[in-house]
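Quick note: numbers below take in every heavy atom, side chains included, and nothing from hydrogens, waters or symmetry partners. A, B, ... follow the sequence lines: proteins, then strands. Residue 1 opens every chain.
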Amino acid sequence: MSLKRIMFVLVIAFSIVIVNSCKSDNSQEKHKNNLVGFQTTENLNDIDIRDEQEIYYRFPSAREMFLYINDEDFTYRTDLVNLPNNVDNYLDSKSKTLNLGVYLADLSYMTLFGKTGNLKKYMNAIAVLSEDLRLEIPYERNIFIRINKNINNNDSIINIADEYYSKVIDYLMKNNKEKTLAVISIGGYIEGLYIAINLTDEFSENSPVIQRIAEQKLSFENLKMFTYKFRNDKNASQSIIYLNKIMSVFNEFKIEKQATKIKQYKTNSFVIEGGNSIIVTKEQYMKLKNVVTEIRMQIIENY
Amino acid sequence: MNFLHKSLLLFLLSLFAFQANGQVCTNYHIDNCRWADNSFFYSRQSRSALFSNGITSKFKIIVYSNEEYYISIAGHKKLGNINITVYEDNDKKTELYDNSNFKYEESFYFENKKTRQLIIEVTSEKDENAKNTNKKYCLGVLIEFRKMQNAKRKSKSNNIGF
């Protein structure tokens with residue numbers, strides 16, 4: 001057989017293997033190919049197909065959670081963030097992933113208050129952890145070059161840090177790393193809640209910030225349901241334990257029922273009024289504060 | 001064209017077939033939905049997915065109190081009119097909005113006074129004439145939000161005097 005023919009046969013064989021692997025690689029995929037809709041994930045290895053939920057759960061990012069904290073109403077506290085030097089203490093993938101979420105929440109907190117002094121150190125910590133977790137954040141090098149060029153321009157540094165945060169989260173979503181996103185989000189949510197609780201000095205029933213902290217119950221519920229489908233993963237299942245502890249306190253909060261009303265303005269514009277309220281007492285709030293503080297310590301000190 | 005070229009062409013075609021088979025919709029809402037103005041922030045609760053004709057799929061989101069939301073939907077034209085219905089996730093599953101009442105408008109806006117869980121239900125149009133009902137196309141739901149303008153104004157106007 002001539003060399004050309006051997007080449008031809010090899011290429012044909014290789015092509016067949018590729019096309020077939022596309023089918024057999026996904027023995028589960030056969031089932032999945034019949035699935036459409038929001039609940040399906042393109043990374044099927046992450047979940048048990050029997051757990052496919054009827055409803056897909058979304059939750060706001062830690063940064064979206066933070067937007068209610070108005071920098072005009074609070075004083076920035078430097079002691080509430082995880083120290084960037086701690087990054088060297090995280091050796092296992094669970095602590096790396098959870099603390100990546102913690103540092104991302106810290107980054108959001110700092111940018112919200114316009115604190116640029118340590119942003120680069122935090123971005124470095126995020127870069128170290130994401131590299132260890134083999135997350136390839138696009139244009140990461142360029143972002144650090146831009147930080148160095150704009151080191152004396154606060155506004156630019158804040159914008160670049162914000163952009164970096166978005167790139168990390170977008171990367172996880174675009175690359176169907178939802179299992180990793182779930183664990184990162186748990187770290188970020190716990191850090192966000194820890195910061196918010198500690199920024200408010202005293203409990204007041206009428207404080208809109210305390211009300212918003214109590215309402216995080218709903219976001220935590222969605223995050224828990226989202227993570228639940230990855231519960232066969234060791235990191236996810238251990239992180240769910242943290243969520244469960246916090247949820248058990250949230251579940252003590254009273255729900256005051258009220259009907260929801262809709263005011264229609266135009267064809268595509270309306271107002272949603274009324275609806276259930278979450279009522280928190282001082283004792284419950286303090287309990288939440290203690291549990292969140294304890295879990296947050298476990299995460300950042302990795303014990 | 002010699003053997004080698006033919007083989008190479010065949011190989012590239014098979015790679016193309018592999019790519020085309022693995023349709024990815026992850027960014028569909030970002031590229032195809034109509035965006036609100038710059039005063040709104042992008043919410044990471046937005047979502048795209050593969051749909052076939054005549055299917056319904058739901059996802060649950062959180063909307064915070066005193067925030068305004070803009071939701072926009074887009075899908076491949078073969079999916080026909082896309083019906084989006086919003087329910088509150090309470091005991092009664094209160095229906096809040098249904099775009100089939102408004103000629104399948106592709107975007108809507110609302111002010112939200114209390115934090116609540118919503119169920120977004122999306123249904124693609126049935127295609128009775130379609131030979132292959134298993135064909136899948138991308139569909140996306142874009143969610144944006146901002147602090148309520150009235151609330152901001154109110155709190156500012158209250159901040160007067162000593």
Side-chain angles (χ1 to χ4, degrees), chain A residues 2 4-5 7-8 10-12 14-16 18-19 22 33-40 42 54-61 63-65 67-68 166 169-170 173-176 208 211-212 215-216 218-219 221-222 225 257-260 262 267-278, chain B residues 2-4 6-8 10-11 13-15 17-18 21-22 24 26-27 41 43-47 49-52 55-66 88 90-91 94 96-97 99 102-103 105 107-117 119-120 122 134 136 141 143 145 147:
Chain A
S2 71
K4 280 178 184 172
R5 287 199 170 190
M7 278 290 290
F8 184 73
L10 278 176
V11 167
I12 294 276
F14 190 55
S15 306
I16 289 168
I18 283 185
V19 172
C22 196
N33 277 340
N34 297 324
L35 289 174
V36 280
F38 300 111
Q39 75 279 22
T40 56
E42 279 137 27
E54 194 199 345
I55 294 186
Y56 182 80
Y57 288 82
R58 305 296 290 156
F59 48 90
S61 65
R63 188 164 66 178
E64 287 172 47
M65 250 180 86
L67 284 177
Y68 66 91
S166 302
I169 303 297
D170 286 346
M173 293 185 79
K174 283 179 198 168
N175 292 282
N176 295 301
Q211 183 56 40
R212 183 59 81 87
E215 290 166 356
Q216 295 308 327
L218 303 179
S219 303
E221 260 173 30
N222 275 20
M225 291 306 293
K257 294 197 174 183
Q258 203 190 334
T260 301
I262 294 288
T267 53
N268 59 350
S269 161
F270 56 97
V271 179
I272 314 176
E273 291 179 334
N276 297 347
S277 302
I278 299 172
Chain B
N2 62 26
F3 260 136
L4 197 63
K6 276 182 188 167
S7 312
L8 205 65
L10 192 69
F11 176 63
L13 279 172
S14 65
L15 272 183
F18 172 73
N21 210 21
V24 174
T26 322
N27 261 357
F41 296 98
S43 170
R44 287 198 162 69
Q45 298 186 92
S46 307
R47 175 80 172 163
L50 273 173
F51 266 66
S52 53
I55 74 141
T56 296
S57 185
K58 299 176 233 182
F59 65 103
K60 221 185 246 197
I61 63 166
I62 304 290
V63 288
Y64 286 125
S65 56
N66 296 320
E88 180 166 11
N90 55 15
D91 301 338
T94 315
L96 305 174
Y97 179 78
N99 76 337
F102 305 107
K103 296 178 185 169
E105 283 261 7
S107 65
F108 58 96
Y109 154 93
F110 61 90
E111 290 177 16
N112 183 43
K113 298 285 170 79
K114 274 188 185 170
T115 298
R116 63 189 94 231
Q117 283 168 317
I119 297 170
I120 308 284
V122 178
N134 286 331
K136 294 169 213 157
V141 180
I143 302 170
F145 68 100
K147 279 187 183 172

Close side-chain approach of A:N276 and B:K114, heavy atoms under 4.5 Å:
no
B:Y109 versus chain A, heavy atoms under 4.5 Å apart: side chain, backbone, both or neither?
both
Tell me, do B:F41 and A:E64 make a side-chain contact under 4.5 Å, heavy atoms counted?
no
Under 4.5 Å to a heavy atom of chain A? For B:Q117 that would be both
Answer with side chain, backbone, both or neither: which region of B:D91 has an atom nearer than 4.5 Å to a non-hydrogen atom of chain A?
side chain
Value rounded to 0.5 Å, distance of CG in B:N90 from NZ in A:K257:
8.5 Å
Just give me the residue among A:P208, A:S277, A:A259, A:S61 that pairs up with chain B most often, heavy atom to heavy atom, under 4.5 Å.
A:S277
Contact class of B:N112 relative to chain A, heavy atoms under 4.5 angstrom:
both
Here the pair of heavy atoms bringing A:I262 nearest to B:L96 is CD1-CD2, 3.5 Å
May I ask you to decide if B:S65's main-chain N or O and A:R212's side chain share a donor-acceptor pair within less than 3.5 Å?
yes
When you measure from the side chain of B:R116 to the backbone N and O of A:L218, does any donor-acceptor pair fall under 3.5 Å?
no
Rounded to the nearest 0.5 Å, how far apart are OH of A:Y57 and CD1 of B:I62?
10.0 Å
Check A:R58 against B:R44 and note the closest heavy-atom contact, atom names and distance.
NH2-O, 2.7 Å
With a 4.5 angstrom heavy-atom cut-off, which part of B:Q45 approaches chain A: side chain, backbone, both or neither?
both
State, yes or no, whether a side-chain contact exists between A:P60 and B:Y64 at a heavy-atom distance under 4.5 Å.
yes
Counting heavy-atom pairs under 4.5 angstrom with chain B, the leader among A:N268, A:D170, A:V271 is A:N268
So what's closer than 4.5 Å to chain B heavy atoms on A:F270: side chain, backbone, both or neither?
both
If you measure from CZ on B:F110 to OG on A:S269, what distance do you get to the nearest 0.5 Å?
11.0 Å
Would you compute the distance between atom CD1 of B:I61 and atom CG of A:N222 and round it to the nearest 0.5 angstrom?
9.0 Å
Looking at A:I169, A:I272, A:I278, which makes the most heavy-atom pairs under 4.5 Å with chain B?
A:I272
